[in-house]
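Below: one structure, written as structure tokens.
Quick caveat, the model's predicted, so the values are computed rather than measured.
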Amino acid sequence: MNKNISSAKPFLKWAGGKNQLLNELNNRLPPYLKDTRTIERYVEPFVGGGAMFFNLKKHYKVKESILLDINRELVMAYQVMKNDHKILIDILNDIEENHLKKDEIARKENYYRIRDIYNSEVEDFDYENYNYPWIERTSYFIFMNKTCFNGLFRQNKNGKFNVPFGLYKNPKICDKTNINLVHQALSDTEIICSDFINSDKYIVEDAFVYLDPPYRPLSKTSNFTSYSKEGFTDFDQLKLATFFKKMDQKGAYLMLSNSDPKNEDLTDKFFDNLYSEFNIDIVYAKRNINRDSSGRGTINELIVRNF
């Protein structure tokens, strides 16, 4: 197997993750990929759970990849996966063994104990210089992701993780096999904590760029864009559309996903107007972050391309 090919999958549960849309996304990749099976440069400014990245690594030779996200906790986890996956595995193994031997009440107490430790570090944590505390913090991050309600990642305005405990009988906290595969997939990848605007320096002619921003909420009660304390507003969506047009002028291949406002309001042409000069396809997806199970069902989403 070519060293560039990987069978890794996302190591985190991630609201808005693209696993269920991969077939639709794969069917709309730049046509040249079918012939060359090679991506010279891949840039993903909102990496999130990384479903698209790992998907491309599995099916194509990706010569150069740059992943960015504004969520510093997430980027830290990717950096640790790339640089110290073996130590991370050891720590996660200990956390998993300790957690699973407890009864339900003790597990809940353990979850909130670790969440409190995690949140207490936010204000003074050194996010700039890679060191051992990054590995430990990433282990807490992964533990909470695997044991919190619905696998959400949500921060309040102070940057603190505020998702409650979830009931799981036997959560897989340490997936050693996949962590090793993720490490391999990331070994030749550049990982950057930054706003999407700063990805422009990495986007060149013929690069393939996939943009998966926090989705525009379908209604006032469905707003779930707090993947980082900064949030993502309609103004940010407008900035992203302007960015999309600028990167189009560079000659890059661009693909973007977002919600379809017409799920709630047939007259809402927010994205139709923003991306009127590009190809907009409607695809189907399932809600999976609504607390009320009756609110989970098939909805329309949008895929925008400049090719």
*Determine yes or no for a side-chain-to-main-chain donor-acceptor pair under 3.5 angstrom, with His183 supplying the side chain and Lys82 the backbone.*
yes
List in chain and number order the residues that pass ring-ring contact (aromatic ring centres under 6.0 Å, His included) with [X], two or more places apart in sequence or in another chain; answer none if no residue qualifies.
X: Tyr127; result: Phe125
X: Phe196; result: Phe46, Phe243
X: Phe11; result: Tyr78
X: Tyr284; result: none

*If a pair satisfies side-chain hydrogen bond (donor to acceptor under 3.5 Å, both in side chains) and one of its residues is in residues 196-205, list it, with sequence neighbours excluded.*
Ser194-Asn198
Name the atoms and distances for all side-chain donor-acceptor pairs under 3.5 Å in residues 89-102, with sequence neighbours left out.
| from | atom 1 | to | atom 2 | distance (Å) |
| --- | --- | --- | --- | --- |
| Glu96 | OE1 | Ile173 | N | 2.8 |
| Glu96 | OE1 | Cys174 | N | 2.7 |
| His99 | ND1 | Asn110 | ND2 | 3.0 |

Only counting residues at least two apart or in another chain, list the ones meeting salt bridge (charged side-chain N to carboxylate O under 4.0 Å, His left out) with [X].
X: Lys262; answer: Asp272
X: Arg305; answer: Asp281
X: Asp234; answer: Arg216
X: Glu40; answer: Lys63

*asked:* Can you classify the ring geometry of Phe141 versus Tyr118 as parallel (below 30°), tilted (30 to 60°) or perpendicular (above 60°)?
replied: parallel
For residues 273-280, which side-chain donor-acceptor pairs fall under 3.5 Å, sequence neighbours excluded?
| from | atom 1 | to | atom 2 | distance (Å) |
| --- | --- | --- | --- | --- |
| Asn273 | ND2 | Lys269 | O | 3.1 |
| Asn279 | ND2 | Phe307 | O | 2.8 |

*What pairs of residues pass the salt bridge (Lys or Arg N to Asp or Glu O under 4.0 Å) test when at least one of them lies in residues 107-134, not counting sequence neighbours?*
Glu121-Arg137
